[in-house]
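Note sheet for the following structure.
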Protein chains: 4
Amino acid sequence: MNTIQVTVWNEYRHEKQNPLVQQIYPEGIHQAIAGYLREDEHLEVRTAVLDDHDHGLTDEVLDNTDVLFWWGHMAHGEVQDEIVEKVRQKVLNGMGLIVLHSGHGAKIFTELLGTNTQALKWRDDGEKEKLWVVEPGHLIVSGLGDYIELEKEEMYGERFEIPAPDELVFISWFEGGEVFRSGCCYRRGTGKIFYFRPGHETFPTYHQPEIIQVLRNAVYWAAPTEGADVTYGRTAPDREHQESH
Amino acid sequence: MNTIQVTVWNEYRHEKQNPLVQQIYPEGIHQAIAGYLREDEHLEVRTAVLDDHDHGLTDEVLDNTDVLFWWGHMAHGEVQDEIVEKVRQKVLNGMGLIVLHSGHGAKIFTELLGTNTQALKWRDDGEKEKLWVVEPGHLIVSGLGDYIELEKEEMYGERFEIPAPDELVFISWFEGGEVFRSGCCYRRGTGKIFYFRPGHETFPTYHQPEIIQVLRNAVYWAAPTEGADVTYGRTAPDREHQESH
Amino acid sequence: MNTIQVTVWNEYRHEKQNPLVQQIYPEGIHQAIAGYLREDEHLEVRTAVLDDHDHGLTDEVLDNTDVLFWWGHMAHGEVQDEIVEKVRQKVLNGMGLIVLHSGHGAKIFTELLGTNTQALKWRDDGEKEKLWVVEPGHLIVSGLGDYIELEKEEMYGERFEIPAPDELVFISWFEGGEVFRSGCCYRRGTGKIFYFRPGHETFPTYHQPEIIQVLRNAVYWAAPTEGADVTYGRTAPDREHQESH
Amino acid sequence: MNTIQVTVWNEYRHEKQNPLVQQIYPEGIHQAIAGYLREDEHLEVRTAVLDDHDHGLTDEVLDNTDVLFWWGHMAHGEVQDEIVEKVRQKVLNGMGLIVLHSGHGAKIFTELLGTNTQALKWRDDGEKEKLWVVEPGHLIVSGLGDYIELEKEEMYGERFEIPAPDELVFISWFEGGEVFRSGCCYRRGTGKIFYFRPGHETFPTYHQPEIIQVLRNAVYWAAPTEGADVTYGRTAPDREHQESH
């Protein structure tokens, strides 16, 4: 099996401003996720953050990325449009994209899906969440049971303004009364996109083994395939067909 | 607008055997639903039950049915296979089918969808259910708000072994911790199928106005369209195309 | 039945520059389509073109449009971004959008779908096209037979870089050897989008009755429904539920 | 990488009755396909035919099959219902199923999909087919170009009465004027199903390398995943949740 090259991108602001978040993720959410993923020897993992030059998403990095994770929240507006467009084209050309939690409002997610993906209900009281598996045969849920339970999480509730997912793999239940489409798969261009809901910065969600299991599974699901080599543009007719008559 | 011809089919056993059910639905679930639907002057509503001759689903009845409701539970096995097949062909030829609650285990639903549709989690303690709208632009949710709340219902929980719905319009939240795909739309052949979860016989669900609103909306959604007149079988090639070369 | 308010938007450049196009559509493609649609008394039809002030898509016009047709080709780049965004939000809030032929490359289509929708194969030799019905029960094909035949059309061929349609209703066959997903339905936000392939400006496609039949059907399909009144943003928990324990 | 266990099932009647077919597939279609697949060292391939005891689909064979190929045509009616049901449950529990050509009318395909899958247009004149790739990022098309061309094949034309595929990867063009959804992916239960159109017994389709490439790709796509271990039936409520209030 070939190595899959993973880049974990993080806004990396909450961790520097909020002591609580810092305590949970001392080196940032990106380093926590990267560290766990590196335990899989088939994954080669690097990280990038908003404040890096070009947000750390240079051509060199993107050309060597099979699957890109995206965590953002308070600074969606600071991501440069040209870089968003560059990432969008990479996804349409086969790079996998895994959008985490508040990344639902990121430009890259909205531009790839076309709807107001920031629109949903929310409540950050910290309440129990259960992510129920609705497609138990899907690669992304491998190794799980009926559901993943998180003791304290931010709530996201429907209506979530997304296109109907190509495959819906998780639905969340929240203690306060809401539900949410929490694991959503999309194909766009030749790339695959997975949205995974949990991961509020004030809770230790990315330290929970089942969550890491899903992220690892999602890397394998979203990794590019060889695919078909198709062409676009002006095309000659099938002359042999025409001449044969 | 033309009249839509509706047949409400019910197993009609619980109502005759359980005094509690009898109290809620003295004339049967079918008569309760039919009575409410008749308030819409565009609907012409009849009923049929398991113990009628041919289960009340004669050719004459089916030929004059645009949309068929199906409620069944304890006697799925008593429905004759030939009648199931006749109904299946009617659906594939354009008749709408609205499957209610425990009807998920009915032969007609399983045979049209092909999976073990009886497989799900359940608990009949009577607990709060909230049916959240996930597709607010859909005809079936017209007139609703964010959700429908039912004070006491039987719980159905995921994993529910159905093909992924063509359109998912409701997701239920249950007090005891589960979620469920509660409003599922399918196109099969030229017919439309809607599965709507609530409606356990020991609760007055079908007396709740929002539930009736959904059933009425579903009739309009599932009613046959004129459609295209397509053919099957051995077909001649496009001779003009061949000769023109 | 209430009147449906339709606006037919056209770039209206080819008709002014190319005598052949002028001959086929002396008052423009928009007026040809509008004229045919007005034969249906339930439709109230207006037109708008690129060179109108604000492209004719003022708030007043959009607030009174249930379904918007879009034909564009050589001047996609001249459509103002703010107006594209305004139209996009209207669609996400329920307005129907019917994108015609070369409109696949229009900003409004790309921004609503998120992929490089301009990418496809093409050849403007003028060749036979057959649009085969693949979903004969769909409202959009009502009144048709097995297929629509166009004697001369521009060819569009796969791969067409669109998200997989929510419903695929037509597939085209071309004399020169290609196929194309020619009738594509999408739900985005609470709005519906229909892409319909035929309609090259140098052929009299919009004078063919079956094509007009499809456009009229599409208006009925894309017209807004009442839908559910959902909310977004911070939400209180279900206190009654919490207190009941 | 673990070995994938493949069983190629064939009706094996045409080959014994028709000298032309015998010439093309002297040991049967199953042996031709099996032979090519065995060139991939990760696949362990066996065969089974209708006239074997229990059609060669004993529990022992099915329990050791990850992906089952199915070619049938003239003897669909001879396949025993109990074996069809056994295979259906295997698929719903994760076994991959690849249905070839005239297998669209096999009981196993109809029962898993629920529609009249035998209904389509056809013509066995032997004409050119082009299978166009519509999802170039899909695993099943890996290694292909824009299309696969077959010089002589039986024609199948739309309308094909199938549920809309979960993923549509190929659309065929035929010389005589028709189109067909030729590569159709479905998820049912935890299993995956791929329908692949070409393969009429009187043409050497299964000797063409691109066709074998697709079959091999399809094995990898349809192979079972570990998945989630979900449960069904009566379920206790989340007591901790209830007690915490």
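Proteins come first, then strands; the chains are lettered A, B, ... in the order of their sequence lines, and each starts at number 1. A quick note: this is a predicted structure, and the numbers were derived from the prediction, not measured. Note that these values count all heavy atoms, side chains included, but never hydrogens, waters or copies made by symmetry.
Heavy atoms only, all atoms of each residue included: A/R234 and C/D125 are closest at NH1-OD1, 4.3 Å. Considering all non-hydrogen atoms of both residues, C/T115 and A/R88 come closest at O-NH2, 3.5 Å. C/T231 and A/K121 make their closest contact through O-NZ, 2.9 Å (heavy atoms, listed as atom of the first residue, atom of the second, distance).
Of the residues considered (A/E178, A/Q89, A/R159, A/R123), A/R123 shows the highest number of contacts with chain C, using heavy-atom pairs under 4.5 Å. In terms of heavy-atom pairs under 4.5 Å with chain C, the best-connected choice from A/A164, A/G189, A/G157 is A/G189. Residue with the most contacts toward chain A among C/L120, C/D166, C/D124: C/L120 (heavy-atom pairs, distance under 4.5 Å).
Note: A/R188 CZ to C/L113 CG = 8.0 Å, rounded to the nearest 0.5 Å. We find the CD-CG distance between A/E161 and C/L92 to be 5.0 Å, quoted to the nearest 0.5 Å.
When heavy atoms are compared at a cutoff of 4.5 Å, A/E158 does not approach chain C at all. Contact annotation for A/A236: only backbone heavy atoms (N, CA, C, O) come within less than 4.5 Å of a heavy atom of chain C. Looking at A/A119, the atoms closer than 4.5 Å to chain C (heavy atoms on both sides) sit in the backbone and in the side chain alike. Looking at A/Q118, there are no atoms closer than 4.5 Å to chain C (heavy atoms on both sides), in backbone or side chain.
The shortest side-chain heavy-atom distance between C/D238 and A/E175 does not fall under the 4.5 Å cut-off.
Under a cut-off of 6.0 angstrom, the local environment of CG in C/N93 is crowded, with over 12 non-hydrogen atoms contributed by other residues, nucleotides or ligands.
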